[in-house]
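Reviewing the structure listed below.
Throughout, a chain's letter reflects where its sequence line sits, starting with A, and its residues are numbered from 1.
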Amino acid sequence: MTTDQVARHTRPPLWRDVRVLRAVLQVLAVAGTAILLYVLWFNLTNNLRAQGISIGFDFLSQPVGVQIADSGLGSGAPISSALLIGIKNTFTLVIVGLPLLTVIGVLIGVARLSTNWLVAKAATLYVEVFRNLPPLLIIIFFFLVVILPLPPASSPISPFGLLVISNLRITFPTFIDQGDSRLFWLVMLAVTVVAVGVWWWRTKRSERTGEPHHRVLWAGGLWLIAAIATYLVLGGPFTIQLPELDGRVVTGGFSGLGGYFAVLGALVLYTASHVAEIVRGSIQAVPKGQTEAANALALTGFQRYRFVLLPQAARIALPPIINQYLNYTKNTSLAIAVGFAEITTIVFQAIGNGRPAPQLILLLMASYLVFSLTISALVNILNRRLQLVSN
Amino acid sequence: MATGTSLDRPLPGPPVRERPGPVEWARSHLFRTWYDSMLTLLFGAGFVWAGTALVRWMLTSDFTILRVNLTLFMVGRFPRDQLWRPWLAIALLAVMAGLAAGALGASARDRAEQSGLPYVRSSWRSYARRFSPLALLIVVILALTQTLTPTLLTVAALALGLGANVVGWRLPAAVRRWSWLITLGLLAGAYLALSAGETGVPYTGWGGLMLNVFLTVAGIVLAFPLGLLLALGRRSSLPAVRTISVTYIEFIRGVPLITLLLMGIFAIGFFLPATLRPADTTRALIAIVLFEAAYIAEIVRGGLQSVPKGQVEASQALGMRPWRTMRLIVLPQALRATIPAMVGQFISLYKDTTLVSIVGILDLLAVAQAVTSQPQFLAQGLAAVTLPFAALIFWIGSYTMSREARRLEKKLGVGER
């Protein structure tokens, strides 16, 4: 028998040939998906045509038809710029919220493991209360029960002259330009770069010589001294401006809408409770011998956390915490319930004004998707870098 | 032998562990250092302040708005002359819960006996501790009723549940094997009790807490098959199948649920033939199912990954075909490992069902907001009463479930392989 004959003999019939089966299955899966998508597309085009709505994205240049608070856009502005304002507002929620919830979450997570019984119980209470509530309910509660009962916009209050508070908006002090602030910020940018370099140099030097690095002192001190010197040399390029209340008119300051603070407060507290659980779990996942070794070295409680527990816990905690950042970002879409003009609310209002829903919602999904996929790609890279090389 | 003598001496008892007195306890747990003492005083003051504020709120608030609208909170606009239907459904669900708990306990007992291990049934005290929040909720709700009937009916339903529990413990093993079928049957029975007949109301007419619970259960149950398929697809060795599954899962997980709900309410009509116009609740349910399927797929994938490769190889060595391997070897082990995560997903969906209030469906949260604009309650800041009530209902539900999930996790030994 030649090898050719053997091959022909052992070849199974077509319906039991794995290679054929695999190909057929895949073709079936692709064809099924394609048919489903085609049917959806077919219905979409038919329905849109029947209702006289155009299929493309031309509507983006049409006027938005509603006034968006604090945007500087009139109701005649095109939808595309309203959507951009929405994305910007989502970002203001994210940029402020993420650092806040990280700090609160880590503090509460560490507090749950405190040796002080009362502190640990208080932290547990916080976590159990917020973790088990619907975030939407917390947002609405903050808006209706905390923000709305504040003095109305017609008679705001101004505690200590620092803030101006009404149920429409809260105004904070801000920096005001006195001429050459751009030069100041440019100098400070350069100083920051130098400070980072100093930090790096102190670290390297400490690694080489074994002497204490004092890098916070060196880099931070340099930065602070440079900042004060530049400010004085430039003759005060900016000053702090307090919001001023004159009857019902607020001048100056930096303000946010009541809805913004309701969403921010509620989501920060809600997400922080999840972060606290992650932090607690990660600290507990650090082998007990590490704590015992730290105690044997007579490290203080702070040193134990700073140099032994937290660096090891961070490695475990980082991926799930970033997942919580993603959840926070997706949850900012709940601002729709209190009408704060982030992107979901704007899409909702545009649909209410008769703009085509399928295209708008697809755009909405795409903007969240871009953000989510970018972050998860970063997490994957981070995961690979953080993974301990097994030794 | 020098040590031989020590055997003659009486053995020392177990090491004596002194229980610290209250003063020592306070010193080691509250006042270890000066800053510890300061923290204790600060937090103690905070607790006292919060406690008194809570008591004052409870004593001074007017709960009339809850008393008047309690039925609205529970069942929405369900016809008031048909309220026997929800009660019948509650009775059936109580029987279902009692029977299932009893049957599960009996199975655990039998397994323990077969392997020669002692089986300790949980004491009544541990049950009381585990379900005291739930009991508190029932008491709070009953305290808001205006007649005695709901209390009597609740007691009757509880008695039915306890009776079913006793029956569940005594079911012969042959019947017990089918208890999942009985459970599903009773669940379907509860739905039929609400919707069957001329005067019945299908789920599209439900509201209040009943709708939140229905959306949660239906969402998970309907999404499970799709999620299982997606998980298997994601683990498949066929590149095309894998790509389709991964694309779907990552797409859904990348967008918030509210965008899918908006799609369901405003845009699903565009994707369906013009003759098909589902009700709003159905649209929301479709969105929820599509959303949950992606998350369930990831949970099941985790379970599949937890099954050691040796299991598959062993079954292949026994000559089992792929589907048989999957059905008899992999899935039973994988799905068992997913139970705690599935409960977690159930809780998170229970909380997320409140999102339907945004698209105009009258769920519990929507009721809590809507009742404050009734003429007699308008503009009195009563959201400060109705929202905490809704929060209490959601909180006790998800707190109890998460506690049970953690218990289950320990019992199943997930992650202790």
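Going from atom CG of A:Asn116 over to atom CG of B:Asp36 covers 4.5 Å, rounded to the nearest 0.5 Å. With values rounded to the nearest 0.5 angstrom, B:Trp395 atom CH2 is found 14.0 Å from A:Leu137 atom CG. To the nearest 0.5 Å, atom CZ of residue B:Phe271 and atom CG of residue A:Leu48 are 8.0 Å apart. Rounded to the nearest 0.5 Å, atoms OG (A:Ser376) and CD (B:Glu250) are 6.0 Å apart. Rounded to the nearest 0.5 Å, atoms NE2 (B:His29) and OG1 (A:Thr115) are 8.5 Å apart. Considering CG of A:Asn43 and CD1 of B:Ile268, their distance stands at 11.5 Å, rounded to 0.5 Å.
With chain A as partner, the option from B:Ser357, B:Ala390, B:Ser402, B:Pro239 having the largest number of non-hydrogen pairs under 4.5 angstrom is B:Pro239. Counting heavy-atom pairs closer than 4.5 Å to chain B, the top-ranked of the candidates A:Ile140, A:Asn46, A:Val30 is A:Ile140. The choice from B:Gln369, B:Arg253, B:Arg242 that makes the most heavy-atom pairs within less than 4.5 Å of chain A is B:Gln369. With respect to chain B, the highest number of heavy-atom pairs below 4.5 Å among A:Thr329, A:Ile361, A:Val145 belongs to A:Ile361. The greatest number of non-hydrogen atom pairs below 4.5 Å with chain A, out of B:Gly44, B:Ala383, B:Gly254, is found for B:Gly254. Per-residue heavy-atom pair counts under 4.5 Å with chain A were compared for B:Leu272, B:Leu30, B:Leu42, B:Leu39, and the maximum is reached by B:Leu272.
B:Leu365 touches chain A through its side chain: at least one heavy atom from C-beta onward sits under 4.5 Å away, while N, CA, C and O do not. Heavy atoms closer than 4.5 Å to chain B are found in both the backbone and the side chain of A:Leu133. Of the atoms belonging to A:Leu148, not a single heavy atom falls under 4.5 Å from chain B. At a 4.5 Å heavy-atom cutoff, the contact between A:Pro358 and chain B is made by backbone and side-chain atoms alike. The part of A:Phe348 that comes within reach of chain B is its side chain, from C-beta onward, which places non-hydrogen atoms under 4.5 angstrom from that chain. Looking at B:Leu260, both its backbone and its side chain come within 4.5 Å of chain A, counting heavy atoms on both sides. Within the 4.5 angstrom heavy-atom criterion, atoms from both the backbone and the side chain of A:Leu44 approach chain B. Looking at B:Ile244, the atoms closer than 4.5 Å to chain A (heavy atoms on both sides) all sit in the side chain, from C-beta outward. With a threshold of 4.5 angstrom between heavy atoms, B:Phe251 approaches chain A through its backbone and through its side chain. Contacts of A:Ile336 with chain B are made by side-chain atoms alone, with heavy-atom separations under 4.5 Å and no backbone atom involved.
Across all non-hydrogen atoms, the minimal contact from A:Arg131 to B:Lys351 is O-NZ, 2.6 Å. The minimum heavy-atom distance between A:Asn47 and B:Gly269, with the atom names listed, is ND2-O, 3.3 Å.
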Would A:Ser333 and B:Thr259 satisfy side chain to side chain contact (heavy atoms under 4.5 Å, CB included), going step by step from the backbone distance to the final call?
CA-CA 8 Å; A:Ser333 59; B:Thr259 61; 5.5 Å; no
Would you please test B:Phe43 and A:Lys121 for side chain to side chain contact (heavy atoms under 4.5 Å, CB included) and show each step?
CA-CA 10 Å; B:Phe43 277 80; A:Lys121 281 282 174 266; over 6 Å; no
Do A:Glu128 and B:Arg406 pass the salt bridge (charged side-chain N to carboxylate O under 4.0 Å, His left out) test, and can you show the C-alpha distance, the side-chain angles, and the key distance before you say yes or no?
CA-CA 13 Å; A:Glu128 291 295 356; B:Arg406 228 175 294 162; 3.7 Å; yes
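Atom CZ of B:Arg129 sits in a sparse spot, with 12 or fewer heavy atoms from other residues, nucleotides or ligands closer than 6.0 Å. For B:Phe47, the CZ atom counts as densely surrounded, since its 6.0 Å shell holds more than 12 non-hydrogen atoms of other residues, nucleotides or ligands. The environment of B:Arg277 atom CZ is dense: over 12 non-hydrogen atoms of other residues, nucleotides or ligands sit within 6.0 angstrom. Counted within 6.0 Å of CH2 on B:Trp57, heavy atoms from surrounding residues, nucleotides or ligands total more than 12; the atom is thus considered enclosed.
Counting heavy atoms from C-beta outward, B:Pro388 and A:Phe141 have side chains that approach closer than 4.5 Å.
A side-chain contact (heavy atoms from CB on, under 4.5 Å) with A:Leu364 is found for exactly one of B:Val255, B:Ile258, B:Leu262, namely B:Leu262.
Under 3.5 Å, the side chains of B:Ser237 and A:Arg22 contain a donor-acceptor pair of N or O atoms.
The backbone N or O of B:Ile396 sits nowhere less than 3.5 Å from a side-chain atom of A:Asn132 that would complete a donor-acceptor pair.
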